[in-house]
Structures are given as structure tokens and as C-alpha cells.
Asks: 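A single structure is presented below for examination.
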Amino acid sequence: QVQLVESGGGLVQPGGSLRLSCAASGFTLDYYGIGWFRQAPGKEREEVSCISSSDGVTYYADSVKGRFTISRDNAENTVYLQMNSLKPEDTAVYYCAAVWMGLSTIVVLSADSYDHWGQGTQVTVSS
């Protein structure tokens, strides 16, 4: 069974940090591009950060650039999103997604291109 499971969300004060994990089961992430997306109440889903299947090419939305870091550990079959200097506007449900790319340095930004999605993890930034 192909599955992505996010974890690491929670409640954090402004300026705090969280590390989200996206663990894959039923398939290996080696040849998959990975994206992190988020959706806040009443807002459209937006891409946050993406990483290519090969060579670790990354993309960050302007709103998180310099604060978030995406990384992948293929040995652990897991992708991470380190989130620092969190702001209230980062509050959302965060989803990871995977798309088969083979060995590619292309970063996939469109959510519609992704084949597999996790169930989401809530991140709340509030004092």
C-alpha cells in the first residue's frame, strides 16, 4: 500500500521552530520529486517547498524563503521540512506529496502533477 505520512506538526509560539517529516511506505522515494504544500482555512492550497529526485534541487515560496529548509534522506525514505522563525501566517495544514520523476533535477511546483498525498499535519503558530 502506497502511503505518505506526515508528522511533526503542533502548536508553537511565533519565532519558534518545527520540523515536519514525510515518511513513505509501500514505495521508495529515491526517484520521486517531493513537495510540501499548505492550506489555511478559507484560503487556496499553496506550494511551500519542493525538492527534485536527484541532486537536491530545491524551490521555496517567497513567503518562506530563508526560514524553511527542505531535505530528503533516501536511506530513511523520509523528507523533512525544517521551519524556523515561524509566523502566525504560517498556520495551516501542511501536506507532503510525491511524483515519480526518475532521476531528474526538475522541481515540480504544480500540485496537480503530484500522484501521492499524505493526510496532512496541522501547524498552528500562536502566542
Side-chain angles (χ1 to χ4, degrees):
Q1 181 182 0
V2 173
Q3 197 172 11
L4 291 172
V5 178
E6 303 97 334
S7 61
L11 173 63
V12 63
Q13 292 186 342
S17 297
L18 285 173
R19 188 177 79 156
L20 304 184
S21 299
C22 173
S25 61
F27 68 111
T28 58
L29 289 177
D30 297 39
Y31 300 106
Y32 284 78
I34 305 298
W36 283 98
F37 298 82
R38 68 186 181 187
Q39 187 164 22
K43 294 189 176 181
E44 297 284 322
R45 180 176 55 190
E46 62 175 343
E47 72 279 358
V48 175
S49 181
C50 308
I51 189 166
S52 63
S53 59
S54 179
D55 293 346
V57 178
T58 58
Y59 160 85
Y60 297 95
D62 287 343
S63 57
V64 306
K65 202 171 292 183
R67 301 188 296 122
F68 289 12
T69 303
I70 189 171
S71 61
R72 61 191 303 154
D73 185 338
N74 286 349
E76 295 293 326
N77 218 27
T78 301
V79 175
Y80 302 97
L81 185 67
Q82 178 67 44
M83 305 188 298
N84 299 329
S85 302
L86 283 161
K87 305 175 181 180
E89 51 263 43
D90 294 318
T91 295
V93 178
Y94 284 70
Y95 300 89
C96 68
V99 56
W100 193 91
M101 296 293 293
L103 288 176
S104 173
T105 58
I106 294 174
V107 178
V108 179
L109 302 185
S110 171
D112 291 339
S113 298
Y114 284 82
D115 304 309
H116 308 295
W117 289 82
Q119 82 290 347
T121 185
Q122 176 70 47
V123 171
T124 302
V125 184
S126 175
S127 55

Asks: Please round to the nearest 0.5 Å and tell me the distance separating atom OH of Y94 and atom OG1 of T121.
Replies: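 The OG1 atom of T121 is 10.5 Å from OH of Y94, to the nearest 0.5 Å.
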Asks: Run the side-chain contact (heavy atoms from CB on, under 4.5 Å) test against T105 and tell me which residues pass, sequence neighbours left out.
Replies: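 side-chain contact (heavy atoms from CB on, under 4.5 Å) list for T105, sorted by chain: D55, V57.
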Asks: Give a yes or no on whether Y59 and V79 share a hydrophobic cluster (residues Ile, Leu, Val, Met, Phe, Trp, Tyr; joining criterion: side-chain heavy atoms under 4.5 Å apart).
Replies: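 Different hydrophobic clusters.
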Asks: Would you compute the distance between atom OG of S17 and atom CD of Q82 and round it to the nearest 0.5 angstrom?
Replies: 5.5 Å
Asks: Which atom names give the shortest non-hydrogen contact between Q122 and T91, and what distance separates them?
Replies: NE2-CG2, 4.0 Å
Asks: Out of curiosity, does V2 fall in the hydrophobic cluster containing V5 (side-chain heavy atoms, cut-off under 4.5 Å, transitive links)?
Replies: no
Asks: Measure the OG-CD distance between S110 and E47 for me, rounded to the nearest 0.5 Å.
Replies: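 Output value for this atom pair is 8.5 Å.
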Asks: Working to the nearest 0.5 Å, report the span between OG of S127 and CG of L11.
Replies: 9.5 Å
Asks: Using the rule given for side chain to side chain contact (heavy atoms under 4.5 Å, CB included), can you reason through S53 versus S104, listing the C-alpha separation, both sets of side-chain angles and the distance that settles it, and then say yes or no?
Replies: CA-CA 6 Å; S53 59; S104 173; 3.9 Å; yes
Asks: Other than I106, which residues form its hydrophobic cluster under the rule that side-chain heavy atoms must be closer than 4.5 Å?
Replies: F37, V93, Y95, V99, M101, V108, Y114, W117
Asks: How long is the span from the CG atom in L81 to the CZ atom in R72, to the nearest 0.5 Å?
Replies: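 Reported value, rounded in 0.5 Å steps: 13.5 Å.
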Asks: Are any of the side-chain nitrogens in D62 or K65 under 4.0 Å away from the carboxylate oxygens of its partner?
Replies: yes
Asks: I want to check something: taking the side chain as every heavy atom from C-beta on, are Y80 and L20 in contact at a cut-off of under 4.5 Å?
Replies: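 With C-beta onward as the side chain, the pair stays apart.
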Asks: Can you establish whether the number of heavy atoms outside F27 located under 6.0 Å from its atom CZ is more than 12?
Replies: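 Atom CZ in F27 is packed in, count exceeds 12.
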Asks: Looking at side-chain heavy atoms only, is the closest gap between P88 and S126 below 4.5 Å?
Replies: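 No, their side chains stay 4.5 Å or more apart.
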Asks: Counting C-beta onward and ignoring hydrogens, is there a side-chain heavy-atom pair between H116 and Y32 closer than 4.5 Å?
Replies: yes
Asks: Is W100 reachable from I34 through a run of I, L, V, M, F, W or Y residues, each pair having side-chain heavy atoms under 4.5 Å apart?
Replies: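 In one cluster: yes.
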Asks: Taking only residues at least two apart or on different chains, which pairs with a member in residues 2-30 satisfy salt bridge (Lys or Arg N to Asp or Glu O under 4.0 Å)?
Replies: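 Sorted result for residues 2-30: empty, none.
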Asks: Does the side chain of W36 come within less than 4.5 Å of C22's, by heavy atoms?
Replies: yes
Asks: Does the side chain of R38 reach to within under 4.5 Å of the side chain of D90, using non-hydrogen atoms?
Replies: yes
Asks: Do Y60 and R67 have side-chain heavy atoms sitting under 4.5 Å apart?
Replies: no
Asks: How many angstroms lie between atom CD1 of I70 and atom OG of S49, to the nearest 0.5 angstrom?
Replies: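 If I round to the nearest 0.5 Å, the distance is 4.0 Å.
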Asks: So do F68 and N84 actually touch side chain to side chain, heavy atoms under 4.5 Å?
Replies: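 No. Closest side-chain heavy atoms not under 4.5 Å.
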Asks: Are T28 and N74 close enough that some pair of their side-chain heavy atoms sits under 4.5 Å apart?
Replies: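 Not in contact.
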Asks: Verify side chain to side chain contact (heavy atoms under 4.5 Å, CB included) between V107 and I51, making sure each step is shown before the conclusion.
Replies: CA-CA 6 Å; V107 178; I51 189 166; over 6 Å; no
Asks: Step through the shown structure and confirm whether more than 12 heavy atoms of other residues, nucleotides or ligands are within 6.0 Å of CD on E89.
Replies: yes
